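So the structure is just underneath, and the comments pick up after that.
Just so we're clear, the structure is a prediction, and the values are computed from it rather than from any experiment.
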Amino acid sequence: MDYQSLNYNFRLVGVKGRGAYENFHKEVPLLAKQLWSRAKELQSHLGIEIALFEPKTDIQHLEGNYYVGLMVNDAFNKVPKGWS
């Protein structure tokens, strides 16, 4: 099996959520919907949505953080209120 290692950089501006892992399948899409309702606040977004989440480490790890964001062209000095 051949593989190739790639090194890419990207910029993401998003919103953070936290919840039970068992609810991620509901919560992440809801947060994405909220994100798209505010997308006009980011003039330089590329229209590409990305979701990132904290992986579950063991059976006792019941809650985790997740982010839903939009890729942007430019670095931001100041992001809109409520974004990360």
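To the nearest 0.5 Å, atom CH2 of residue W36 and atom NE2 of residue H45 are 5.5 Å apart. Here CG of N23 is found 10.5 Å from CG of L30. Values are rounded to the nearest 0.5 Å. The CD atom of E27 lies 13.5 Å from the CZ atom of F53; values are rounded to the nearest 0.5 Å. Atom CG of N73 and atom CD of Q43 lie 12.0 Å apart (nearest 0.5 Å). L52 CG to K16 NZ: the interatomic distance, rounded to the nearest 0.5 Å, is 12.5 Å. A distance of 7.5 Å separates CG in L12 from CG in L70, rounded to the nearest 0.5 Å.
For L6, the CG atom sits in a packed shell: over 12 heavy atoms of surrounding residues, nucleotides or ligands are nearer than 6.0 Å. More than 12 heavy atoms of other residues, nucleotides or ligands sit less than 6.0 Å from atom NZ of K56. More than 12 heavy atoms of other shown residues, nucleotides or ligands fall within 6.0 angstrom of atom CG in D58.
Qualifying salt bridge (Lys or Arg N to Asp or Glu O under 4.0 Å) partners for E63, counting only residues two or more places apart in sequence or in other chains: R18. Annotation: side chain to side chain donor-acceptor pair (under 3.5 Å) contacts of T57 (sequence neighbours excluded): H61.
A donor-acceptor distance shorter than 3.5 angstrom exists from the side chain of E54 to the backbone of N65, with no hydrogens or angles considered.
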Please step through side chain to side chain contact (heavy atoms under 4.5 Å, CB included) for the pair F10 and I50, ending with a clear verdict.
CA-CA 11 Å; F10 62 91; I50 294 180; 4.1 Å; yes

Worked check of side chain to side chain contact (heavy atoms under 4.5 Å, CB included) between L31 and V15
CA-CA 8 Å; L31 192 59; V15 290; 3.6 Å; yes

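Checked against M71 for a side-chain contact (heavy atoms from CB on, under 4.5 Å), the options I48, L42, V13 give a single hit: I48.
Here the closest non-hydrogen pair linking P29 and F24 is CD-O, 3.7 Å.
In this structure, V28 is not a member of the same hydrophobic cluster as L62, with clusters built from ILVMFWY side-chain heavy atoms closer than 4.5 Å.
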